[in-house]
Undergrad: 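One structure, pasted below without further comment.
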Amino acid sequence: MRTASGELRTFELRFKPAATSDQALTLILLSPLEERSGQAAIDALQREVLEAVALGRPLAAVMDLLCRRVEAMAPELMCSVLEVDEQGKLHPLAAPSLPASYSQALDGVQIGPSVGSCGTAAWRRSPVEVQDIATDPLWANFSALALSYGLAACWSTPILLTPERVGATFALYYREPRAVAIFHRRMVEACAQLCRVALMNQENQRQIERLAYYDGVTGLANRTLFGERARQSLQMAARMETPVAMLLLDIDRFKTINDSLGHQAGDEVLREAAQRLGACLRDTDTLARLGGDEFVALLPGCGASDASHVADKLIESLKPAHALSSDTVATLSASIGISIYPDDGADLEQLLKHADIAMYEAKRAGRGCARFYLRAMNQALDERLALETALRRALSSQGLSLHYQPKLRLVDDALVGVEALLRWTDPDLGPVPPDRFIPVAEECGLINALDSWVLEAACSQLAAWRQAGLAVPGVAVNISPLRFYQDDVAAHVQQLLHRHQLDAVQLTLEVTERLMLDDNQRSLDQLEALHAMGVQLSVDDFGTGYSSLSYLKRLPVSELKLDKSFVHDLEIDADDRALASAVISIGRSLGLSVVAEGVETAGQRQVLMAAGCPIAQGYGLARPMTPAAFESWLSSRRAEAAR
Ligand code: C2E
Ligand code: MG
Ligand code: MG
């Protein structure tokens, strides 16, 4: 039968006898033939395509299947699916029966108000039916191309992912100008739904992948993806016998940015850093964020000299100031540790560990620089570990002792006090100097226990001497600045003085300038509390730390210890002499006593006296001594004085 629109369609007629009590009737049922078999075919197509989606087949393969099934059901038409990207550009996904060169010509075309059927449908977000490509104005710019491939009519349906966002277009092409058949419309309805499911599924997959493999803040690869890529690169490098460089980068003082400007600013800085670092690398390199402020770059085929060049570039790239808001700029620097495959490690774990060691070395070297991993660094680490273990043992097994070094008044040699100096002899390592083990104790958190032990031992020794009637005016104890952050030194001291029945003035605490310059409130409060108690505070190694002197005004300091590095060349170096007398006059004008450290020769002593230095300490006057040796030193002095 021909329909009103002139279309030729096939119907099925069914005759059904229907008798009532007085009449014999026949019902004639009329139904379009392709509709019934067609619906079954559409159902089958839906099942098949959904299964392909569920099995995780790639989007292009699913769309290709869809097109082929539709074309099998309606051989007179050709299908195409074009993806619409975020920028509104078309990209062919599937068009099994259209010539490949036609699809290629559409790739990258921008959608718009009159861009053929598909470009326009995506633009309008509603279907576009063009019955004659040759004459329709929407095809003005594209008809020649389409006609040259024998395409005459095209109906395109946009696939909406959200009401605003078009993800793709599904199009039917005819070889002659014509309207769309009703059955074809029904097919397209079903297909549009399938396309949507497949596209949404792809979006979800991408999202899952992003979450699992990419860092949410910077969009860089995360640790997992980095691990996978690195392992592949290393396998490849092993086969090709080429090097791979691993650059571990840590942003210096990032915590300060985060703490002072907030996490949002911190994230912003990380994004900016990621972008700048990425711009220094090649496509074959992998840049990842391992967490916090730590980035890693993997450079296949890159040896040591190239790696050092890249590291410099990375550090330079971070330097230009980055504006966070109209009145805040962040300037970044970074420390980089480099390890090279295969020399510095055979696998990812080794390379990362060694790059990490090198990175810490870069931090220690003053930050803002790169360091290569050296085997020696690893040895140093092992040594430090051995030292730490031995130190723990010493603390619990009386392996520690104190030596005492007199501080003497230069004009008359009077004893003004002693400094307690820690001594440690390990059964295996032998005597270990404090300059070696104090830094280790600070790093591994043993310093509190160590300094508490010293304080206790020194106070109890002083109390014992005073009880024995020995004229020891006071004892000075060195305290690590770290202890002031972690412990309540003031409370501890108070309790000790009370227990040993000592006067607060008999105790001096020697701290380095490092502590004085820290404006940590906790430290400041403790210094004030100690001062209020009457405990003396002495600035050790004065002159070696920082150039700021303003803290002398603010803090309750009572003594400066002129560092021995200024004393050593006093007789020959005019600069040292000038510095020493400057320190001495600072002390005098602020009413602080000055103790020259490391006085070894009579000449040094002479110069110091001439410059007006009141007190000195050093091998030339008296060495650090065991308590027993100190006692006999005292009594021999008494004997001498009596003579
Ligand atoms: P410091 O507080 O500046 O101690 C003075 C250091 O100079 C001592 O070294 C002492 O033996 C040494 N010395 C004294 N006179 C002379 C001299 O005439 N010439 C030379 N070249 N050196 C002299 P020591 O005992 O090796 O201590 C080194 C550093 O270790 C100390 O420097 C101090 O900062 C730290 N230290 C020592 N004992 C302790 C402690 O119980 N706790 C803490 N936290 N640090 C300590
Ligand atoms: Mg000292
Ligand atoms: Mg000193």
Side-chain angles (χ1 to χ4, degrees), residues 391 394-395 399-408 410 416-425 431-462 474-487 489 492-493 496 507-516 536-545 557-571 580 583 593-605 608 615-626 629-630 633:
L391 198 53
L395 257 171
L400 302 170
S401 65
L402 288 183
H403 281 196
Y404 295 88
Q405 186 177 33
K407 293 180 183 177
L408 298 173
L410 278 172
V416 291
V418 291
E419 178 178 5
L421 293 160
L422 187 54
R423 296 293 175 259
W424 170 32
T425 302
V432 187
D435 288 336
R436 253 185 83 201
F437 68 79
I438 297 283
V440 173
E442 287 186 341
E443 263 171 51
C444 70
L446 276 177
I447 194 68
N448 282 339
L450 215 57
D451 277 359
S452 302
W453 183 89
V454 173
L455 205 53
E456 166 74 45
C459 286
S460 101
Q461 180 66 71
L462 182 65
V475 68
V477 173
N478 296 284
I479 302 279
S480 160
L482 286 183
R483 242 200 111 189
F484 283 88
Y485 308 148
Q486 297 161 356
D487 220 1
V489 183
H492 183 208
V493 164
L496 263 181
L507 180 65
T508 301
L509 298 184
E510 294 192 6
V511 285
T512 52
E513 286 181 290
R514 190 149 51 116
L515 177 69
M516 303 296 176
Q536 312 283 299
L537 287 172
S538 166
V539 184
D540 208 345
D541 305 343
F542 185 76
T544 56
V557 168
S558 48
E559 179 183 272
L560 301 181
K561 295 193 82 178
L562 175 65
D563 190 65
K564 48 182 173 289
S565 60
F566 299 114
V567 174
H568 191 260
D569 290 334
L570 269 186
E571 290 157 280
V583 171
S593 86
V594 174
V595 180
E597 289 184 322
V599 179
E600 293 178 351
T601 67
Q604 291 164 347
R605 205 180 151 159
L608 287 164
I615 303 166
Q617 183 185 346
Y619 297 167
L621 306 162
R623 294 204 160 240
M625 297 167 266
T626 62
F630 173 71
W633 177 84

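Whatever order the structure lists ligands and atoms in, that order sets their numbers, starting from 1.
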Undergrad: Checking side-chain polar atoms at under 3.5 Å, does E442 have a donor or acceptor matched by the opposite partner on S480?
TA: yes

Undergrad: Which residue and non-hydrogen atom of the protein lie closest to atom 7 (O) of ligand 1, and at what distance in Å?
TA: K564 NZ, 2.9 Å

Undergrad: For atom 28 (C) of ligand 1, what's the nearest protein heavy-atom neighbour? Residue, atom name and distance, please.
TA: D435 OD1, 3.2 Å

Undergrad: Using a strict cut-off of 4.0 Å, indicate which atoms of ligand 1 neighbour a heavy atom of G618.
TA: 15 (N), 18 (O)

Undergrad: For the Mg ion (ligand 3), give me the closest N/O/S atom belonging to D541, just the atom name.
TA: OD1

Undergrad: Test side-chain contact (heavy atoms from CB on, under 4.5 Å) on L395 and L446 and set out the steps.
TA: CA-CA 9 Å; L395 257 171; L446 276 177; 3.9 Å; yes

Undergrad: Quickly, which of E597, E419, K564 forms a side-chain hydrogen bond (donor to acceptor under 3.5 Å, both in side chains) with Q617? Name it, please.
TA: E419

Undergrad: Out of curiosity, W633 CH2 to R623 CZ, how far, rounded to the nearest 0.5 Å?
TA: 14.0 Å

Undergrad: Please report which non-hydrogen protein atom sits nearest to atom 1 (P) of ligand 1, along with the residue it belongs to and the distance in Å to one decimal place.
TA: D540 OD2, 3.7 Å

Undergrad: To the nearest 0.5 Å, what is the distance between CG on L509 and CG on D540?
TA: 11.5 Å

Undergrad: Under 4.0 angstrom from ligand 1, any heavy atom of P433?
TA: no

Undergrad: Enumerate the atoms of ligand 1 whose separation from the nearest heavy atom of V454 is less than 4.0 angstrom.
TA: 41 (O)

Undergrad: From E510, does some N, O or S atom reach closer than 2.8 Å to the Mg ion (ligand 3)?
TA: no

Undergrad: State the CG-CG distance between L562 and D541, to the nearest 0.5 angstrom.
TA: 10.0 Å

Undergrad: Of the side chain and backbone of H403, name the one, both, or neither that has a heavy atom under 4.0 Å from an atom of ligand 1.
TA: neither

Undergrad: Is the closest protein non-hydrogen atom to atom 32 (O) of ligand 1 under 4.0 Å?
TA: no

Undergrad: What is the closest protein heavy atom to atom 10 (C) of ligand 1, and at what distance does it sit?
TA: L421 CD1, 3.7 Å

Undergrad: Starting from atom 15 (N) of ligand 1, find the nearest protein heavy-atom neighbour and note its residue, name and distance.
TA: Q405 NE2, 3.0 Å

Undergrad: Test V599 against Y619 for side-chain contact (heavy atoms from CB on, under 4.5 Å), laying out the working first.
TA: CA-CA 6 Å; V599 179; Y619 297 167; over 6 Å; no

Undergrad: Does D540 bring an N, O or S atom to within less than 2.8 Å of the Mg ion (ligand 2)?
TA: yes

Undergrad: Should you measure from each heavy atom of P624, which atoms of ligand 1 turn up under 4.0 Å away?
TA: 11 (O)

Undergrad: In terms of residue, atom name and distance, what is the protein heavy atom nearest to atom 27 (O) of ligand 1?
TA: P434 CG, 3.4 Å

Undergrad: Any chance the side chains of T508 and E559 put a donor and an acceptor closer than 3.5 Å?
TA: no

Undergrad: To make sure I understand the geometry: which N, O or S atom in E597 is closest to the Mg ion (ligand 3)?
TA: OE2

Undergrad: Work out whether the distance between some heavy atom of H568 and some atom of ligand 1 is less than 4.0 Å.
TA: no

Undergrad: Take a 6.0 Å sphere around NE2 of H403 and say whether it holds more than 12 heavy atoms from other residues, nucleotides or ligands.
TA: yes

Undergrad: Once the angle between the rings of Y404 and F630 is folded into 0 to 90°, is it parallel (under 30°), tilted (30 to 60°) or perpendicular (over 60°)?
TA: tilted

Undergrad: CG/D451 to CG/L482 distance, rounded to the nearest 0.5 angstrom?
TA: 9.5 Å

Undergrad: Any nitrogen or oxygen of Q617, main chain or side chain, under 3.5 Å from a nitrogen or oxygen of ligand 1?
TA: no

Undergrad: Test your reading of the model: is there a side-chain donor-acceptor pair from Q604 to the backbone of E600, 3.5 Å cut-off?
TA: yes

Undergrad: Could you check which N/O/S atom of E419 is closest to the Mg ion (ligand 2)?
TA: OE2

Undergrad: Against heavy atoms of E510, which atoms of ligand 1 measure under 4.0 Å?
TA: 2 (O)

Undergrad: Would you say atom 22 (N) of ligand 1 makes contact with the protein, given that contact here means a non-hydrogen protein atom less than 4.0 Å away?
TA: yes

Undergrad: Below 2.8 Å, any N, O or S contact between S538 and the Mg ion (ligand 2)?
TA: no

Undergrad: Using non-hydrogen atoms of the residue, decide whether R423 is closer than 4.0 angstrom to ligand 1.
TA: yes

Undergrad: Rounded to the nearest 0.5 Å, what separates atom OG1 in T512 from atom NZ in K561?
TA: 12.0 Å

Undergrad: Report the C-alpha distance between S538 and E510 in whole Å, list the side-chain angles of each, state the deciding distance to 0.1 Å, and finish with yes or no for side-chain hydrogen bond (donor to acceptor under 3.5 Å, both in side chains).
TA: CA-CA 5 Å; S538 166; E510 294 192 6; 4.6 Å; no

Undergrad: Any nitrogen or oxygen of L422, main chain or side chain, under 3.5 Å from a nitrogen or oxygen of ligand 1?
TA: yes

Undergrad: Note the single closest protein heavy atom to atom 42 (N) of ligand 1, along with its residue, its atom name and the distance in Å.
TA: D451 OD1, 3.0 Å

Undergrad: Heavy-atom distances under 4.0 Å are what count here, so tell me which part of E419 touches ligand 1: side chain, backbone, both or neither.
TA: side chain

Undergrad: Give the residue, atom name and distance (to 0.1 Å) of the protein heavy atom nearest atom 18 (O) of ligand 1.
TA: Y619 N, 2.7 Å

Undergrad: Test of understanding: given a 4.0 Å heavy-atom threshold, classify the contact between D541 and ligand 1 as side chain, backbone, both, or neither.
TA: side chain

Undergrad: Can you tell me how far CG of L507 sits from CG of L455, rounded to the nearest 0.5 angstrom?
TA: 6.0 Å

Undergrad: Is the shortest heavy-atom distance from the side chain of P434 to the side chain of R423 under 4.5 Å?
TA: yes

Undergrad: With a cut-off of 4.0 Å, which atoms of ligand 1 are near a heavy atom of V599?
TA: 18 (O)

Undergrad: Under 4.0 Å from any heavy atom of E600, which atoms of ligand 1 are there?
TA: 17 (C), 18 (O), 19 (N), 20 (C), 21 (N)

Undergrad: Search all heavy atoms of V416 against all heavy atoms of L408 and return the closest pair with its distance.
TA: CG2-N, 4.3 Å

